[in-house]
2 protein chains.
Amino acid sequence: MSSDSSSGTEQKIVEAAKKVFLEKGFDGARMQHIADEAGINKASLHYYYRSKERLFDKIFADAFMEFLPKIGRIMNSNIDFFDKIKAIVEHYINILSHNPHLPVFVLYELNRRPEKLLEMLKTTGVEPQQLKIIIDREVAAGRIFEIDFVNLIVNILSLCIFPFVGKPIIKGFIMQND
Amino acid sequence: MSSDSSSGTEQKIVEAAKKVFLEKGFDGARMQHIADEAGINKASLHYYYRSKERLFDKIFADAFMEFLPKIGRIMNSNIDFFDKIKAIVEHYINILSHNPHLPVFVLYELNRRPEKLLEMLKTTGVEPQQLKIIIDREVAAGRIFEIDFVNLIVNILSLCIFPFVGKPIIKGFIMQND
DNA sequence: GTCTATATGCAGATAGAC
DNA sequence: GTCTATCTGCATATAGAC
């Protein structure tokens with residue numbers, strides 16, 4: 001029906017692969033499973049992405065971009081400092097609510113191949129130095145307590161992300177929903 | 001040198017298996033790798049633990065017990081409330097410093113088989129209800145701000161654990177050590 | 001209890017018809 | 001571009017000598 005280069009099939013593959021890889025990880029995922037999920041043949045996977053490795057790389061890059069990237073853009077915007085933090089927090093709550101497996105997946109796979117981190121950070125365009133400048137300015141102006149900027153970032157990430165990462169444990173602890 | 005049922009070999013196997021499983025996860029681990037690490041033959045692994053699955057179960061149970069269990073015991077002790085929190089925090093900092101892979105491993109594998117959580121919690125003897133009672137008492141006495149006890153626990157765990165889980169990312173962010 | 005050699009099954013990848 | 005059939009290698013697991 002069209003000469004469109006990104007056919008519906010490729011879209012289906014990406015969605016299916018994302019689902020399976022995020023649930024099972026690279027080693028646990030099966031090409032057959034991804035094919036079934038996408039409703040196509042296993043051989044077609046290799047037609048579009050020559051290997052499992054290549055398919056995974058695409059999914060992982062996507063996942064990583066969802067996991068980290070917006071921080072830089074929010075921090076560089078002109079809104080109030082506390083609104084920035086609020087925006088970051090809401091950003092994470094939102095994404096992770098729809099994608100509970102995302103953080104464990106990213107962190108786990110990043111352990112497998114730490115060397116990929118640097119290239120990922122470049123792709124996302126995050127500029128850590130600017131965060132430090134912004135936070136130092138707020139501290140100097142007395143608007144927030146003095147705190148090492150690394151601590152602040154780590155704490156924010158901790159409080160946002162871990163509740164989702166640890167959800168199964170927390171649920172087991174409390175024996176109820178949410 | 002003895003009729004001791006847990007020979008040196010079994011000890012070597014457990015240590016090697018722990019190392020490999022924590023680094024690679026169940027799917028990524030190779031029995032050959034574990035055997036090499038222990039300095040024994042692959043067949044001996046099956047002699048002691050009949051399958052990869054059984055060996056893994058042992059390692060996972062151990063890891064889980066290191067990850068969660070002491071909280072209950074600390075909370076039930078008679079020391080001051082804030083000292084309890086301090087004890088828990090120090091407990092984690094200590095364990096995770098020596099075992100950085102532990103949290104990702106536990107969380108990741110728990111995703112693979114959520115059904116194992118309940119039996120794990122029973123084994124560790126953690127009693128969530130008691131935490132709530134203790135915290136509610138502190139709130140009523142005005143010694144701490146009113147806070148839902150689930151929030152408090154989750155926050156503490158977040159701030160203790162995530163910095164280790166996210167270490168590779170944080171390192172990449174800051175481009176320096178620790 | 002520990003080894004070598006081997007059986008078995010499965011997953012990633014390719015060949016080739018349509 | 002999509003399928004069926006097949007090749008290939010590898011990982012778990014077992015058999016059996018020592």
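Chain naming here is simple, since letters A, B, ... match the order of the sequence lines and numbering starts at 1 in each.
A 6.0 Å sphere centred on CZ of B:R143 holds more than 12 heavy atoms belonging to other residues, nucleotides or ligands.
Scanning residues 24-44 of chain A for heavy-atom distances under 4.0 Å to DNA chain C yields A:A29, A:R30, A:M31, A:K42, A:A43.
Comparing C:dG1, C:dA13, D:dT12 by their closest approach to the side chain of A:K52 singles out C:dA13.
In terms of phosphate contacts, A:T9 brings a side-chain nitrogen or oxygen within less than 4.0 Å of OP1 or OP2 of D:dT2. For D:dT2, one of the phosphate oxygens OP1 or OP2 lies less than 4.0 angstrom from a side-chain nitrogen or oxygen of A:Y48.
Salt-bridge check for A:E15 with A:K18: failed, with every basic side-chain N at 4.0 Å or more from each acidic carboxylate O. Under the 4.0 Å criterion applied to side-chain N and carboxylate O atoms, A:R113 and A:D57 are assigned as salt-bridge partners.
For B:Y47 and D:dC18, the OH to C1' distance is 14 Å, given to the nearest whole Å. C:dA5 atom C1' lies 15 Å from atom NE2 of B:H46, rounded to whole Å. Counting to the nearest Å, the P atom of C:dG12 and the CG atom of A:L45 are 10 Å from each other. Between the P atom of D:dT12 and the CZ atom of B:F56 lies a distance of 13 Å, rounded to the nearest Å. Remark: C1' of C:dA13 and OH of A:Y49 are 18 Å apart, rounded to the nearest angstrom.
Looking at B:Y49, its side chain never comes within 3.5 Å of a backbone N or O of B:S44 through a donor-acceptor pair.
Under the 6.0 Å cut-off for aromatic ring centres, A:F21 and A:F56 qualify, their centroids lying closer than that.
Other members of the cluster containing B:L159 are A:L159, with ILVMFWY side chains joined at under 4.5 Å, either directly or via other members.
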